[in-house]
> 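Pasting a structure below so you can have a look.
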Amino acid sequence: MADAITSREQDYSQWYLDIIKFAKLADYSPVRGCMIIRPNGYALWENMQQALDKMFKETGHQNAYFPIFIPQSFLAKEADHVDGFAKECAVVTHSRLKVDPELGLIVDPDSKLEENLIVRPTSETIIWDTYSRWIQSWRDLPVLMNQWANVVRWEMRTRLFLRTMEFLWQEGHTAHSTEEEAVAETLTILDVYATFAEDFMAVPVIKGIKTASERFAGAVETYCIEAMMQDGKALQAGTSHFLGQNFAKAFDCKFQNKNNELEYVWATSWGVSTRLIGALIMVHSDDKGLVLPPKLAPTQVALVPIYRKDEERESVLEEAYAIKKELTDAGIRIIVDDRDGFRPGWKFNEYEVQGVPVRLALGPRDVANSTIEVARRDNGQKETVARADLADSILNTLEAIQNGLFERALKTREDMTASVDSYEDFKSVLDSKGGFVRMHWDGTGETENQIKAETKATIRCIPLEGYEEEGVDPVSGKPSKGRVYFARSY
RNA sequence: CGGGAUGUGGCGCAGCCCGGUAGCGCACUCGCCUGGGGGGCGAGGGGUCGCAGGUUCAAAUCCUGUCAUCCCGACCA
């Protein structure tokens, strides 16, 4: 079974799909482009939600829930927004089915809706319609709201977690009295995302600004975090948008300021999705299976008891449950795999494929010696630890794995980041190893498009740090204010 | 939506060219032996061959259509 995982070298895309399948993260659905998130995958999402939700609340946000259906007319109100999303909306036009004697079950033509409903591709419109009723005075601001929801975008080509027609995400929507405050909010969230990616997912990210062509439909400025996958392709891991007054104007959302004047509200929106699970897989996992960072792993430690005779079984399991209690009390998510009928070696492989960070093996010899075998998923190292030190030892190991995964990913990204000063070098780096390529850019859409057309690489972002450096765009020959990050991307 | 590939027990596949009524490995069930990195032996259960038409005495196999999935392109978190 395990040897059925395609190696990364052989076929990276297939490897990615194999990991999802063997680690039981998701399954295909009867509906094209949709996915079934299995318990292993959903538990991962729940842990992500929990960590992010805490950070949102710590930065003053509250959760709410808006409907999945949006009146079609709402979507038309913000011009750029329409352009961006009109092509990929699921539309509800009827409200019931009926059984036709000849045709069987059909849409009842008499149930046509007065106004079509759009299945939300994102919720700006319905939220700004609401905010326009909620907000009157500067005293009503800011509104700092988030929702956990599903959205639907009718995609042509889908991939599990990375791009599905329906996906789970959170979308924050905030309203502010000043531009400065809204921009600050956008950046606060960008930092939350970056912190989450690096501290919890152990995925290093570049914080930056999107170019006009990559900007969210309806935004004034889109900030993003960009991550590098093992195959040299970049992945946008999260976006935070400064929306200016675009939606406030479209939905007539004004507030009375302290000078008794009416002003349009300033807005932001921001989101991360189940796509992050795809990033997690592609950054850390190896040819043996999934590798999970301890902070997000649904199970951090799996204990496999080993025994032959009944009396051994009894003493080993007794010890195993004692260890479970001890580690659980220490705040560690541990399971004891006491299933009979699965042999130890089989279980070892099972937890390896599923990415459990630490595996313990406890046999009669260990019970006799008051020891236990500790194996790390990230580097395969095994050691025998004294039973008395176990909790501390595991806590240290989990931390070491968390840090080690980040360091390894960071090194990989650094190895996959190049700075070039000629278009020839740019192309040869892209074709040989991919990765991020830092190159001067003249700031025009023309050059950006030309590069995209010729190399398939896009500007992933204009980095917030380490950008400014006078230079020349090697493609156009025009002056450049700094190096931007190019990459081929998912 | 264009190009390519593939649909056969739960999973992975063979059979298809050369029609004759379905097989292998894994998984599953039961029993015994086993148990520190995917065990062994024995006995079992499970498939109208993606779907719909057509050709034929006879279709997994040939023909037409259709649907789905994967890969590659254009669009996107």
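Numbered from 1 within each chain, the chains take letters A, B, ... in sequence-line order.
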> Run the ring-ring contact (aromatic ring centres under 6.0 Å, His included) test against A:His81 and tell me which residues pass, sequence neighbours left out.
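A:His81 satisfies ring-ring contact (aromatic ring centres under 6.0 Å, His included) with A:Phe85, A:Phe216, A:Phe247 only.
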
> Applying a 4.0 Å non-hydrogen cut-off, can you work out what A:Leu17 is touching in the nucleic acid: base, sugar-phosphate, or nothing?
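Sugar-phosphate only.
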
> Given atom OH of A:Tyr28 and atom P of B:G10, what is their separation to the nearest angstrom?
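Rounded to the whole Å, the gap is 18 Å.
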
> Can you tell me which nucleotide in B:G36, B:C75, B:G12 comes closest to the side chain of A:Lys21?
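Looking only at side-chain atoms, A:Lys21 lies closest to B:G12.
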
> With heavy atoms under 4.0 Å as the rule, sort A:Arg359 into base, sugar-phosphate or nothing.
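Base, at least one base atom sits under 4.0 Å.
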
> If you draw a 6.0 Å radius around CD in A:Glu318, do more than 12 non-hydrogen atoms from other residues or ligands fall strictly inside?
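Check fails, neighbour count at 12 or below.
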
> Tell me the interatomic distance from A:Tyr12, atom OH, to B:C72, atom C1', rounded to whole angstroms.
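Rounded to the whole Å, the gap is 18 Å.
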
> Can you list the residues that meet the side chain to side chain contact (heavy atoms under 4.5 Å, CB included) rule with A:Ala386, with sequence neighbours excluded?
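Once residues adjacent in sequence are excluded, the partners of A:Ala386 under the side chain to side chain contact (heavy atoms under 4.5 Å, CB included) criterion are A:Asp389.
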
> Looking only at heavy atoms, what is the nearest atom pair of A:Ile401 and A:Pro357, with distance?
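In terms of heavy atoms, the two residues are closest at CD1-O, 3.6 Å.
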
> Write down the protein N/O and nucleotide N/O pairs, taken from nucleotides 29-35 of chain B, whose separation is under 3.5 Å; answer none if there are no such pairs.
| unit_1 | atom_1 | unit_2 | atom_2 | d |
| --- | --- | --- | --- | --- |
| B:G35 | O4' | A:Arg343 | NH2 | 3.2 |
| B:G35 | O2' | A:Tyr307 | O | 3.2 |
| B:G35 | O6 | A:Arg308 | O | 3.4 |

> Whole angstrom is fine here: how far is it from CD1 in A:Ile36 over to P in B:A68?
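Roughly 16 Å, once rounded to whole Å.
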
> Using the P atoms only, state how far B:A59 lies from B:G19, rounded to an integer number of Å.
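The same atom, P, in both gives a distance of 14 Å.
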
> Taking the P atom of each, how far is B:C30 from B:G37, in whole Å?
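B:C30 and B:G37 have their P atoms separated by 26 Å.
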
> If you measure from the C1' atom in B:U56 to the same atom in B:C13, how many Å do you get, rounded?
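These two C1' atoms come out 30 Å apart once rounded.
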
> Look at all strands and tell whether A:Gly33 reaches a base, only sugar-phosphate, or nothing, counting heavy atoms closer than 4.0 Å.
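Counting heavy atoms under 4.0 Å across all strands, the contact made by A:Gly33 is with sugar-phosphate only.
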
> Would you please name every residue forming a ring-ring contact (aromatic ring centres under 6.0 Å, His included) with A:Phe436, sequence neighbours left out?
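For A:Phe436 the ring-ring contact (aromatic ring centres under 6.0 Å, His included) partners, ignoring immediate neighbours, are A:Tyr485.
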
> If we take the P atom in both B:C24 and B:G46, what is their distance in whole Å?
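It works out to 14 Å between them.
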
> Side chains of A:Ile394 and A:Val358: does their closest heavy-atom pair fall under 4.5 Å?
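Heavy-atom side-chain distance check passes, below 4.5 Å.
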
> So if I take every side-chain heavy atom of A:Arg157 and compare against B:G73, B:A77, B:G37, which nucleotide ends up nearest?
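Nucleotide nearest to A:Arg157's side chain: B:G73.
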
> Do A:Ile37 and A:Asp27 have side chains that approach each other closer than 4.5 Å (heavy atoms only, starting at C-beta)?
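Side-chain contact under 4.5 Å: no.
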
> Starting at atom OH of A:Tyr490, determine the distance to atom C1' of B:C72, rounded to an integer number of angstrom.
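About 13 Å, once rounded to whole Å.
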
> In whole Å, measure the gap between the P atoms of B:C1 and B:A27 for me.
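The same atom, P, in both gives a distance of 42 Å.
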
> My understanding is that only residues two or more places apart in sequence, or in another chain, count here; which of them pass side chain to side chain contact (heavy atoms under 4.5 Å, CB included) with A:Ser213?
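In terms of side chain to side chain contact (heavy atoms under 4.5 Å, CB included), with neighbours along the sequence ignored, A:Ser213 is linked to A:Thr211, A:Glu448.
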
> Please state how far atom CG in A:Leu160 lies from atom P in B:C70, giving the value in whole angstrom units.
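Roughly 7 Å, once rounded to whole Å.
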
> Between the protein and nucleotides 41-46 of chain B, list every N/O to N/O distance that falls short of 3.5 Å.
none

> Who pairs with A:Arg333 by salt bridge (charged side-chain N to carboxylate O under 4.0 Å, His left out), at least two apart in sequence or on another chain?
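If we apply the salt bridge (charged side-chain N to carboxylate O under 4.0 Å, His left out) test to A:Arg333, skipping adjacent residues, there are no hits.
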
> What integer distance in Å separates A:Gln10:CD from B:C71:C1'?
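Distance, rounded to whole Å: 14 Å.
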
> Which pairs of donor and acceptor atoms, one on a side chain in residues 62-72 of chain A, lie under 3.5 Å apart (sequence neighbours left out)?
| unit_1 | atom_1 | unit_2 | atom_2 | d |
| --- | --- | --- | --- | --- |
| A:Asn63 | OD1 | A:Asn146 | ND2 | 2.9 |
| A:Asn63 | ND2 | A:Asp53 | OD1 | 2.8 |
| A:Tyr65 | OH | A:Arg120 | NH1 | 3.4 |
| A:Tyr65 | OH | A:Arg120 | NH2 | 2.7 |
| A:Gln72 | OE1 | A:Asn116 | ND2 | 2.9 |

> Please tell me which of the listed nucleotides, B:C75, B:G37, B:G36, lies nearest to the side chain of A:Lys452?
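Closest of the options to the side chain of A:Lys452: B:C75.
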
> Which residues pass the side chain to side chain contact (heavy atoms under 4.5 Å, CB included) test with A:Thr371, not counting sequence neighbours?
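If we apply the side chain to side chain contact (heavy atoms under 4.5 Å, CB included) test to A:Thr371, skipping adjacent residues, the hits are A:Asp366, A:Asn369, A:Thr384.
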
> Rounded to the nearest angstrom, tell me the gap between atom CZ in A:Arg488 and atom C1' in B:A74.
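From A:Arg488 CZ to B:A74 C1': 16 Å.
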
> Got a sec, which residues hit ring-ring contact (aromatic ring centres under 6.0 Å, His included) with A:Tyr307, two or more places apart in sequence or on another chain?
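In terms of ring-ring contact (aromatic ring centres under 6.0 Å, His included), with neighbours along the sequence ignored, A:Tyr307 is linked to no residue.
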
> Report the nucleotide, chosen from B:A77, B:G37, B:C1, that has the shortest atom-to-atom distance to any side-chain atom of A:Arg153.
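Nearest to the side chain of A:Arg153 among the choices is B:A77.
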
> Using the P atom on both, measure B:C51 against B:G4 and round to a whole Å.
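That atom pair is separated by 24 Å.
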
> Sequence neighbours excluded, which residues qualify as ring-ring contact (aromatic ring centres under 6.0 Å, His included) partners of A:Phe348?
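Scan of A:Phe348 (ring-ring contact (aromatic ring centres under 6.0 Å, His included), adjacent residues dropped) gives none.
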
> Quick one: label A:Phe167 by what it contacts on the DNA or RNA (base, sugar-phosphate, nothing), any heavy atom closer than 4.0 Å.
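It contacts base atoms.
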
> Measuring from the side chain of A:Glu373 (C-beta onward, heavy atoms only), which nucleotide among B:G36, B:A77, B:C70 has the closest atom?
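Side chain of A:Glu373 sits closest to B:G36.
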
> Defining pairs by Watson-Crick or G-U wobble geometry with both distances under 3.5 Å, how would you list the stems of RNA chain B with at least three pairs each?
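For RNA chain B the paired stretches long enough to count as stems (3 pairs minimum) are B:1-7 with B:67-73, B:10-13 with B:23-26, B:28-33 with B:39-44, B:50-54 with B:62-66.
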
> Of all the choices, B:C1, B:G36, B:U69, which nucleotide is nearest to the side chain of A:Met156 once you look at every atom?
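When the side chain of A:Met156 is considered, B:C1 is the closest of B:C1, B:G36, B:U69.
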
> With a non-hydrogen cut-off below 4.0 angstrom, is A:Glu352 in contact with a base, only sugar-phosphate, or nothing?
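Answer is base: heavy atoms of A:Glu352 come under 4.0 Å of a base.
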
> Could you tell me whether A:Asp366 contacts a base, only the sugar-phosphate backbone, or nothing, with contacts defined as non-hydrogen atoms closer than 4.0 Å?
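The residue A:Asp366 makes base contact.
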
> Base, sugar-phosphate, or nothing for A:Thr164, non-hydrogen atoms under 4.0 angstrom?
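Base contact.
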
> Measure centre to centre between the rings of A:Trp346 and A:Tyr351, then say whether the value is under 6.0 Å.
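Distance test on ring centres: not under 6.0 Å, no.
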
> Of all the choices, B:G73, B:C72, B:A77, which nucleotide is nearest to the side chain of A:Gln236 once you look at every atom?
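Comparing B:G73, B:C72, B:A77 against the side chain of A:Gln236, the answer is B:A77.
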
> Can you measure A:Ile20 atom CD1 to B:C11 atom P for me and round it to whole angstrom units?
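To the nearest whole Å, that distance equals 17 Å.
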
